Amino acid sequence: MNFLTDELDYEECDKEINKNDINYFRNIWLAYDDFWHKNKYDKSKYKYVKTAPRSPNTKYGKINDFYRRCYLILETNEYYYPLDNYIKIKKRKRTLTNLEHIIIKNSGNGKRQSDVQDIVKNAKFSKTYMTNVMKNAVIGVEKIKEKKIVLPNEKLFVNMDDCFISSLFNNKKQKNRIRTISANKGTDLEKSTKSRNVLKDKKITYMKTKNGERIKRQELIDKIYEFLDLQFIYNKSSLVFIGDGAPWIKTSAKKENIPYVIDRHHVFKALKKGFIFNRKVDNKKLTNAYNLFINGKYYLLLDFLKVNNIDEKIYKYFKNNKEGIINQKENWNQGVCAESDVSHLVKSLKGYGAKIYNDKVLNNMLLINSARINKLNLLL
């Protein structure tokens, strides 16, 4: 083991631990403590004080009753533990930074806290401890190395949707709005299969506010262009806005003179609800209405809905989304759905069953999920 770097190589330790047991850690630490005392102990800067106990928790298990040397820094009159610095364990912490990083990187994405505990079975830590790690974590994301190029014959689809999730802020329940904004270049024909549609160069961002706080239209538009300029090289003429028919999406598209398409997931959901008679879905009428929709037959669709006495709210939903329906017939429209963004970024945080997170934990988990979707590494 190379002691000249003053930082433990955990990747090398992983290989050695597989050959040995946890005592390999203890022996390495003792060897480094001796190495520092013999080779780096400068009596003009430090004074040896004592040997102090510590029982750190590692990804391989807890190391009990471990003793390391303690020095006094003469200039500042502060205690210094060379070994603590080497193994990256913070003052008054019982867990190695390496283990905390494992907890952070594996949180979110539908994993329960018990799932994360299973990943490092030998490490003993509580769910409360995991929450505190996520609450206090300072997380960065690496810079984008290369922007994706949108060719003249390609479209850049911008999907937008709102969802709501609660968090605990100052020990009080708070409902939050998460506005997701994602962009992609349509279906990736090389990676997609019959059962799985893969989007090309998909990237995502979001805006988080308290429920009831208004997001101004210009604030949203600025956020969209900031996000696109960071991720893509594109012309404005390639943009297409996609959403569930919410007025804030339509008005933003109209203001920027960008084509708007209503996504098919929300349309099918609305039609299915409208064609329930005696608790059963009339699949024939549902299919006919949906075919009119995907072919952009706006007026024929409205007539069909009126003839079949569709619910007034559902009828108005389609009536108020003329452009979003007519654009369905365009060759460039690929029927991309914005709902999956909400699922991947926000709903996946809940995993199994209802959960409510501390607000700081929620913020960090959203950041982790967005970095994962954007294929960017976390900086911890």
Side-chain angles (χ1 to χ4, degrees), residues 1-18 20-36 40 52-71 73 76 78-109 111 113-143 357-358 360-361 363-369 371-372 376-380:
M1 182 68 70
N2 181 12
F3 294 143
L4 299 178
T5 61
D6 281 334
E7 185 173 341
L8 182 60
D9 186 342
Y10 282 102
E11 290 185 6
E12 186 177 341
C13 282
D14 286 342
K15 297 175 185 177
E16 293 297 330
I17 284 288
N18 291 330
N20 302 282
D21 58 20
I22 197 171
N23 283 323
Y24 173 79
F25 249 166
R26 180 189 290 272
N27 295 334
I28 287 293
W29 293 358
L30 286 171
Y32 178 80
D33 206 35
D34 290 339
F35 171 83
W36 198 94
K40 294 192 175 186
R54 192 148 200 185
S55 301
N57 192 12
T58 77
K59 62 183 287 188
Y60 310 104
K62 190 175 182 181
I63 299 179
N64 293 310
D65 301 326
F66 182 82
Y67 287 80
R68 81 279 196 233
R69 292 180 178 90
C70 173
Y71 301 85
I73 303 174
T76 61
E78 294 177 328
Y79 287 122
Y80 176 60
Y81 299 86
L83 184 65
D84 289 4
N85 186 59
Y86 179 67
I87 66 177
K88 299 300 177 187
I89 188 168
K90 298 175 184 177
K91 189 176 181 180
R92 298 188 182 88
K93 289 277 186 177
R94 296 183 180 180
T95 303
L96 294 187
T97 303
N98 169 260
L99 178 55
E100 291 187 352
H101 289 178
I102 293 173
I103 293 171
I104 293 168
K105 290 178 179 179
N106 286 283
S107 295
N109 195 25
K111 290 188 178 75
Q113 289 181 319
S114 56
D115 295 329
V116 180
Q117 288 176 318
D118 288 340
I119 292 173
V120 278
K121 294 181 180 180
N122 293 323
K124 304 299 180 183
F125 53 85
S126 66
K127 293 178 181 179
T128 301
Y129 176 75
M130 289 177 61
T131 300
N132 289 332
V133 168
M134 290 301 300
K135 187 192 299 184
N136 299 317
V138 178
I139 303 173
V141 179
E142 69 174 344
K143 291 183 178 180
Y357 295 108
N358 176 277
K360 291 181 180 178
V361 174
N363 290 339
N364 276 334
M365 294 185 80
L366 287 169
L367 183 63
I368 292 169
N369 264 8
R372 175 183 55 80
L376 295 173
N377 295 321
L378 298 177
L379 302 177
L380 301 170

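Throughout, residue positions are numbered sequentially from 1 according to the sequence presented. Quick caveat: nothing in here was measured; it's all calculated off a predicted structure.
Relative orientation of the Tyr10 and Phe25 rings is perpendicular, given thresholds of 30° and 60° on the angle between their planes.
The number of heavy atoms from other shown groups lying within 6.0 Å of NZ (Lys90) does not exceed 12. The environment of Lys105 atom NZ is sparse: at most 12 non-hydrogen atoms of other residues, nucleotides or ligands sit within 6.0 angstrom.
Geometrically, Arg68 engages Tyr81 in a cation-pi contact, judged by NZ or CZ lying under 6.0 Å from the ring centre and within 45° of the ring axis.
Shown here for Ile103 and Val116, the closest heavy-atom pair between the two residues is CA-CG1, 4.2 Å. Across every non-hydrogen atom of Leu380 and His101, the tightest pair is CB-NE2, 3.5 Å. Scanning all heavy atoms of the two residues, the minimum distance from Gln117 to Ser126 falls at NE2-C, 3.9 Å. The minimum heavy-atom distance between Leu376 and Glu142, with the atom names listed, is CA-OE2, 3.5 Å.
Looking at heavy atoms from C-beta onward, Tyr71 lies in side-chain contact with Trp36 at the 4.5 angstrom threshold. Contact of the Val120 side chain with the Phe125 side chain is registered, since non-hydrogen atoms from C-beta on lie closer than 4.5 Å. Taking 4.5 Å as the limit, every side-chain heavy atom of Ser55 sits out of range of all side-chain heavy atoms of Phe66. Here the side chains of Leu96 and Lys88 are not in contact, with every heavy-atom distance at 4.5 Å or above.
Using modelled atom types, one finds no donor on one side chain facing an acceptor on the other under 3.5 Å when comparing Gln113 with Tyr129.
Under 4.0 Å is where a charged nitrogen must lie from a carboxylate oxygen, and between Arg54 and Asp65 no such pair does.
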